[in-house]
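Below you'll find the structure, written out as structure tokens, and then a few comments.
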Amino acid sequence: MDSVSVAVRAHYMPMFSRLGPYDRTLLEQAAWEPTTRRPALLVEYWAHEAALIPIEHWPLFRWRMEDYAHGRYREAVGDKKAAELRTRIRDAVAEIGPSTSGMLEDHLGHEKRPKKGAWWDRSHVKYLCEVMFAAGELSATRRSGFTRYYDLTENVVGDYADVYIPREDAVRSLVAGAVGALGVGTEADIRDYYRLKPAPARAALADLLSMGEIEQVRVEGWDKPGYLHPGAKIPRTVSRSTLLSPFDPLVFFRPRTERVFDFHYRIEIYVPEAKRVHGYYVLPYLMGDQLVARVDLKTDRPGNRLLVLGAFAEPGTNAALVADSLATDLLDMANWLGVEEIVVGDRGGLCVHLHKATRRR
């Protein structure tokens, strides 16, 4: 989950990267619009960063919620005044239903945060709602774009709110899931997938090794042991090509991205514009089994255009071939986003080839 929507919000991209164009309302329904016939399948929590996880995985993070009883960074919110306000917030949510922090401020007659100021300048109510979300006291849904509505956890995750899995068992399941998702990875790769601490992650790996559920292997070029999932398969060929979100699990852990793909990647959102190398919101481009390019994209919704602000081929790649493939995938993305035109800029050496390739479409 990420608030940046320059191209498209990050949580929509992984399914597009894997499945191609799909109806985004399906994801919204799975996460935030359950019905009696169609129960929720996804829920938001701090799995890696803020993420949508399978709803049945909620109990696997109960230990983390216990660790976050006073917030993700163990903020000083354990005093009597804060405890009283937490109770009032919970009672208010129970009374008025899913609510934004602003709605709760109105209901409680609490002072709102200033209209202007730094993004961290939160009201006490908003601050404690976030603490309660991290602690599992509240869960959340999204409405009106990206607005978070807090609700009682039991209303969002149902019976999973009452399921307790011991910490060691939960961490072992998360580690097994991480190995399965990665196929093969170092201990650091696997640990980062759910942001686990070293000691419990290593203990879980040792348990899984002893149970024969994973295998320790040596990967050529890696200076650390790898851990292989028994179901991992190496395909004879990889013909898929796709654009990836900067937050896609395939590339999120930058050391692994560099080690596996020889692709040095840093997101430059927080870099001053004059110092950016590739652009504000740059998506890696996967072609076959290589990351061959990076593309700075922006969706111009009023203009009904997908803007390619910059496009850069990786050294040693066939730029014309990459551009031809990328043009097809950009067209798919434009159709998926509901915009009619692709406009290619001139920043980056790949743009010359991409101009030609898009004109042929």
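Around the CG atom of Asp23, the shell of radius 6.0 Å holds more than 12 heavy atoms that belong to other residues, nucleotides or ligands. Other residues, nucleotides and ligands contribute more than 12 heavy atoms inside 6.0 Å of the CD atom of Glu33. The number of heavy-atom neighbours closer than 6.0 Å to CG of Asn318, taken from other residues, nucleotides and ligands shown, is above 12. Residue Asp262 qualifies as open at atom CG: its count of foreign heavy atoms under 6.0 Å is 12 or below.
Remark: the Asp151 side chain and the Ser139 side chain contain no N/O donor-acceptor pair separated by less than 3.5 Å.
Looking at heavy atoms from C-beta onward, Leu337 lies in side-chain contact with Leu306 at the 4.5 angstrom threshold. Ile55 places none of its side-chain heavy atoms less than 4.5 Å from the side chain of Leu41. In this structure, the side chains of Asp192 and His48 come closer than 4.5 Å at one or more pairs of heavy atoms. Annotation: side chain of Leu27 is in contact with side chain of Leu52 (closest heavy-atom distance under 4.5 Å). The closest side-chain heavy-atom distance from Ser325 to Asp329 is below 4.5 Å. Taking the side chain as every heavy atom from C-beta outward, Asp248 and Arg18 approach each other to under 4.5 Å. Here the side chains of His57 and Leu60 are in contact, with some heavy-atom distance below 4.5 Å. Side-chain atoms of Ile89 and Leu138, non-hydrogen and from C-beta on, do get closer than 4.5 Å to each other.
Atom-to-atom distance recorded for Arg172:CZ and Leu205:CG is 11.0 Å, nearest 0.5 angstrom. Separation of atoms CD1 (Ile190) and CZ (Phe253) is listed at 10.5 Å; rounding is to 0.5 Å. A distance of 11.5 Å separates CG in Leu330 from CG in Leu307, rounded to the nearest 0.5 Å. The SG atom of Cys129 sits 10.5 Å away from atom CD of Glu137, with the distance rounded to the nearest 0.5 Å. Atom CE of Met333 and atom CZ of Phe16 lie 6.0 Å apart (nearest 0.5 Å). One finds the CH2 atom of Trp63 at 7.0 Å from the OH atom of Tyr68 (value rounded to the nearest 0.5 Å).
With sequence neighbours excluded, the residues that form a side chain to side chain donor-acceptor pair (under 3.5 Å) with Glu28 are Tyr12. For Asp332, there are no side chain to side chain donor-acceptor pair (under 3.5 Å) partners at least two apart in sequence or on another chain.
Between Asp67 and Arg64, no side-chain nitrogen of the basic residue sits less than 4.0 Å from a carboxylate oxygen of the acidic one, so the salt-bridge criterion is not met. Ionic pairing of Glu314 and Arg294 is present here: one or more N-O contacts between side-chain nitrogen and carboxylate oxygen are shorter than 4.0 angstrom. Comment: Arg9 does not engage Asp2 in a salt bridge, judged by the lack of any side-chain N to carboxylate O separation of less than 4.0 angstrom. Comment: Arg62 does not engage Asp162 in a salt bridge, judged by the lack of any side-chain N to carboxylate O separation of less than 4.0 angstrom. Salt-bridge formation is detected for the pair Arg259/Asp189: a Lys NZ or Arg NE/NH1/NH2 atom is positioned less than 4.0 Å from an Asp or Glu carboxylate oxygen. Contact check on Glu341 versus Arg359 returns no salt bridge, with no Lys/Arg side-chain nitrogen under 4.0 Å from an Asp/Glu carboxylate oxygen. With salt bridges taken as basic N to acidic carboxylate O contacts below 4.0 Å, one links Glu49 and Arg195. For the pair Arg305 and Glu340, the salt-bridge criterion is not met [side-chain N within less than 4.0 Å of a carboxylate O].
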Q. Should Glu105 and Ser123 be marked as a side chain to side chain contact (heavy atoms under 4.5 Å, CB included) after you check the CA-CA gap, both sets of side-chain angles, and the distance that decides it?
A. CA-CA 9 Å; Glu105 288 165 344; Ser123 73; 2.3 Å; yes
Q. Could you walk me through whether Trp58 and Val156 pass the side chain to side chain contact (heavy atoms under 4.5 Å, CB included) check?
A. CA-CA 11 Å; Trp58 179 268; Val156 178; over 6 Å; no
Q | Criterion side chain to side chain contact (heavy atoms under 4.5 Å, CB included) on His229 and Val184, from CA distance to verdict | A | CA-CA 6 Å; His229 189 272; Val184 65; over 6 Å; no
Q: Output, in order, the C-alpha distance, side-chain angles, deciding distance and verdict of side-chain hydrogen bond (donor to acceptor under 3.5 Å, both in side chains) for Glu130 and Tyr150.
A: CA-CA 9 Å; Glu130 286 296 297; Tyr150 299 96; 2.3 Å; yes
(Q) Is there a side chain to side chain contact (heavy atoms under 4.5 Å, CB included) between Leu42 and Ile53? Walk through the geometry before answering. (A) CA-CA 5 Å; Leu42 303 170; Ile53 61 173; over 6 Å; no
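Under the 30°/60° scheme for interplanar angles, the aromatic rings of Phe133 and Tyr45 are found to be tilted.
Taking the ring axis of Trp46 as reference, the NZ or CZ atom of Arg72 stays within 45° of it and closer than 6.0 Å to the ring centre. The cationic atom of Arg24 (NZ for Lys, CZ for Arg) lies less than 6.0 Å from the six-membered ring centre of Trp336 and within 45° of the ring axis. A cation-pi arrangement, defined by a distance under 6.0 Å to the six-membered ring centre and an angle within 45 degrees of its axis, is present between Arg142 and Phe146.
Linking ILVMFWY side-chain heavy atoms closer than 4.5 Å, directly or via other members, places Tyr270 and Phe252 in a single hydrophobic cluster. Both Leu354 and Tyr281 sit in one connected hydrophobic cluster of ILVMFWY residues. Membership requires side-chain heavy atoms under 4.5 Å apart, directly or through other members. Val260 is connected to Leu291 through a chain of hydrophobic side-chain contacts under 4.5 Å among Ile, Leu, Val, Met, Phe, Trp and Tyr, so both are in one cluster. Criterion: ILVMFWY side-chain heavy atoms under 4.5 Å apart, direct or through other members. Under it, Val271 and Ile269 are not part of a common hydrophobic cluster. No path of Ile, Leu, Val, Met, Phe, Trp and Tyr side chains, each step under 4.5 Å between heavy atoms, connects Trp222 with Leu182, placing them in separate hydrophobic clusters.
When each of Tyr285, Phe263, Phe312, Tyr265 is tested with His278 by the rule ring-ring contact (aromatic ring centres under 6.0 Å, His included), just one qualifies, namely Phe312.
Side-chain atoms of Ser241 never come within 3.5 Å of backbone atoms of Leu286 as a donor-acceptor pair (strictly under, hydrogens ignored). The backbone N or O of Ala313 sits nowhere less than 3.5 Å from a side-chain atom of Thr317 that would complete a donor-acceptor pair. The backbone N or O of Gly97 lies less than 3.5 Å from a partner atom in the side chain of Ser99, making a donor-acceptor pair.
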Kindly list each side-chain donor-acceptor pair under 3.5 angstrom involving residues 209-219, sequence neighbours excluded, with atom names and distances?
{"unit_1": "Ser210", "atom_1": "OG", "unit_2": "Ala206", "atom_2": "O", "d": "3.4"}
{"unit_1": "Ser210", "atom_1": "OG", "unit_2": "Asp207", "atom_2": "O", "d": "2.7"}
{"unit_1": "Gln216", "atom_1": "NE2", "unit_2": "Tyr227", "atom_2": "OH", "d": "3.2"}

